[in-house]
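Here's the structure we're looking at; comments come further down.
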Number of protein chains: 2
Amino acid sequence: MTVTIKDVAKKSGVSISTVSRVINNSKPVSNEIRQRVMSVIKETGYVPNPVARSLVTKKSQLIGVIVPDISNFFIGELLNGIEEVGKIYEYDILLCNSYGEMEEELKYINLLKSKQVAGIVFVTWKMSDEHVKAIEEGNLPAVYISKNAHNFDVYSVSIENERAAYEMTKYLIQKGHTNIGFIRSSIEDDLVDSQRFRGYKNALTDSGLEINQRIIKEGDTTSESGYYLMNEILESNDMPHAMFATNDEVAIGAINCILDKGYKVPDDISVVGFNDIKLASLYRPSLTTIKQPIYDMGAVSIRMIVKMIDGEQLEDKHTYLPYELIERQSVKEKK
Amino acid sequence: MTVTIKDVAKKSGVSISTVSRVINNSKPVSNEIRQRVMSVIKETGYVPNPVARSLVTKKSQLIGVIVPDISNFFIGELLNGIEEVGKIYEYDILLCNSYGEMEEELKYINLLKSKQVAGIVFVTWKMSDEHVKAIEEGNLPAVYISKNAHNFDVYSVSIENERAAYEMTKYLIQKGHTNIGFIRSSIEDDLVDSQRFRGYKNALTDSGLEINQRIIKEGDTTSESGYYLMNEILESNDMPHAMFATNDEVAIGAINCILDKGYKVPDDISVVGFNDIKLASLYRPSLTTIKQPIYDMGAVSIRMIVKMIDGEQLEDKHTYLPYELIERQSVKEKK
DNA sequence: TTGAAAGCGCTAACAA
DNA sequence: TTGTTAGCGCTTTCAA
């Protein structure tokens, strides 16, 4: 049989409340009794039942994490950070995979509330008012990780996507490229222009370059989509000097297409991505890209949650983490 | 305020036990009352509190999953299967990242027990008696996913690694290669020779080929390690016709090394991997490899757990799933 | 077929 | 500083 607080109390010759006090450090207990209880705990191997505990406190040591795709490398790395830092503060992760579908996401939000999780980390490709409303209703600490989180009045973690994309585009221009294309995601908000795309456009405009709509394409964020869209561009006979893809998978899909068409990267066309997933350095030519501090984003988000649970005040709602432009082999100076 | 069973009972004019009966379908309830209660439930939006429920039943709708590395693609895909099928049976996933460290793994096993999880899926690079003992003590349904799980008297899911490696080696031989090297993992049991390595050796022996120790290396299961070990081989001046790596990451590391040394794949050296991670098809040259049904492995494992929870009998302890040899560009016929 | 009541293991208010 | 006691929301005997 598992040992309960009662057993410990009996064996130590004290009341269960005293035992409760020593395990929670909640109220002063005389040193002598504390010692006694502690030794009984050690001896019996007693572990407080977290279920009973949550029933009365209405809080658990569980943090719910909703993600759109567990098998996505970006998400995996994020979970690493979340898990590791969570563990430091003794929180466990209740994982929910939403497939990026709004309905699933809302369902999980409610599920997590009923499970009495202490907080929620909500990761999504694209967030909306409905998400926010559902989560706010639970009155739970929550942190959002989403490309468009900064458009909402919520706690979030991200990098400055627009500035990073601006820098990357400037980098390409500096390398002598002028006809620079962009492959963007169709998930991104059409009204509120996506940040990365905006950074790209601004950099071109600021440099007095034309925005060439013929080499700007829009599609999924997969490598297949990158391949397909690049193919469209190559067949249109408007040869770009360089291509900027909204993420690394798309960039690699595009490179595969360029290679398959018999062109060379970076000799004929330079290509850059965004995110710096593992693949980016493994692939040949290795990919020049923007490195997001993915692990740190997970770590910071969970740290924020814990602070909120503990009632601490957070300075800023939106936390921006530093990014880095990683130069590799996929870009070449334009002669 | 959240609505409880009491509120529903009061509003329906019945006792809480009756409400409990209708939500659990546990005992006959007259149709009229059932209707009434149901409509109150709908109206109030009542959701049973799972925490209170587990406290009395000593069971939760939680399945604990311990994995060695969340950000590993193989694991991500596995989690996908686990999560999705778990959801069908209304189980949630409590995720634990052990970093493959025995101490962490044992700690998590105990944690999961105290959380009253209904079952455990234990994924590890290398399992041991200690793991089994710790889990068995909890008297919980458990399924193991590990390369060496078949050596233990436990429920497990895997593919026939040895046979797959044998086939792959035969395939290489059939392509005219005779001097075939192998890069194995040092994690794998030294006494009980690793299955993949054994399959490789048997295929060579059965074909009357020599096992050339100079082109057999051992190291981590990372691409860096693959690169490093391949470099050792190339510098030894014993040029292999083909290399078989214990997994795709290692294979790609090896290819990168070969390419960097100025050789060509597959023209100079053919390379094959194992697992068929996403990268395998994205990389150029795309990688010939063994495709494991990773998603299915997760799905099957959770299905087994659910059956065990429900007290159903399972036919076999070890479930073997079908694999497939995927031919791509990294292998060429030897002239 | 229904209801009353005990109890799951714990915390926290209240008394002493 | 310690103990008594009332729940937390639910399931499950036991009796009616």
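Numbered from 1 within each chain, the chains take letters A, B, ... in sequence-line order. Because the structure is a prediction, the values reported are computed rather than measured.
- Note: NZ (Lys6(A)) to C1' (dG9(C)) measures 8 Å, nearest angstrom.
- Closest to the side chain of Ala52(B), out of dT2(C), dC8(D), dC10(D), is dC10(D).
- Atoms CG (Asn31(A)) and C1' (dT1(D)) sit 12 Å apart, rounded to a whole Å.
- The side chain of Ile5(A) lies closest to dG9(C) when the candidates are dG9(C), dC8(D), dT2(D).
- What separates CD1 of Ile23(B) from P of dT12(D) is a distance of 11 Å, to the nearest Å.
- Trp125(A) and Phe74(A) have tilted rings, their planes meeting at an angle from 30° to 60° on a 0 to 90° scale.
- At a threshold of 4.0 Å, the pair Glu77(A)-Lys278(A) does not count as salt-bridged, since none of the basic side-chain nitrogens sits closer than that to a carboxylate oxygen.
- Side-chain N/O atoms of Ser17(B) and Ser15(B) include a donor and acceptor closer than 3.5 Å.
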Quick test: give all pairs of protein nitrogen or oxygen and nucleotides 12-16 of chain C nitrogen or oxygen below 3.5 Å, distance rounded to 0.1 Å.
{"from": "dA13(C)", "atom 1": "N6", "to": "Arg21(A)", "atom 2": "NH2", "distance (Å)": "3.4"}

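- Computed from coordinates, the Tyr46(A) OH to dG9(C) C1' distance equals 7 Å when rounded to whole Å.
- If you measure from atom CG of Asn25(B) to atom C1' of dT11(D), you get 15 Å, rounded to the nearest angstrom.
- Remark: DNA chain C forms stems of 3 or more consecutive Watson-Crick or G-U wobble pairs, all pair distances under 3.5 Å, at C:1-16 with D:1-16.
- Ser54(B) has no side-chain polar atom (N or O) that falls below the 4.0 Å cut-off from OP1 or OP2 of dC8(C).
- Side-chain atoms of Ile66(B) and Leu112(B), non-hydrogen and from C-beta on, do get closer than 4.5 Å to each other.
- To the nearest angstrom, C1' of dT12(D) lies 13 Å from CZ of Arg53(B).
- Residues Asn24(A) and Arg53(A) bring a donor and an acceptor atom of their side chains to less than 3.5 Å of each other.
- Side-chain atoms of Asn97(B) and Asp69(B) form no donor-acceptor pair, as typed in the model, at a separation below 3.5 Å.
- Using a 4.0 Å heavy-atom distance criterion, Val51(A) is classed as making no nucleic acid contact.
- For Asn49(B) and dG9(D), the CG to P distance is 7 Å, given to the nearest whole Å.
- Here the C1' atom of nucleotide dT2(C) and the CZ atom of Arg36(B) are 12 Å apart, to the nearest Å.
- Contact annotation: Ser15(B) reaches the phosphate of dG3(C) (side-chain N/O to OP1 or OP2, under 4.0 Å).
- Residue Lys58(B) has no polar side-chain atom (N or O) positioned under 4.0 Å from OP1 or OP2 of dT11(D).
- Note on Lys59(B): every side-chain N or O is 4.0 Å or more away from OP1 and OP2 of dT11(D).
- A donor and an acceptor atom, one from each side chain of Gln61(A) and Tyr89(A), are nowhere located under 3.5 Å apart.
- Ring geometry for His131(B) versus Phe122(B): interplanar angle of 30 to 60°, hence tilted.
- Within 6.0 Å of CE on Met308(A) lie more than 12 heavy atoms contributed by other residues, nucleotides or ligands.
- Side-chain contact of Tyr99(B) with Glu105(B): a donor-acceptor pair under 3.5 Å is absent, judged by distance alone.
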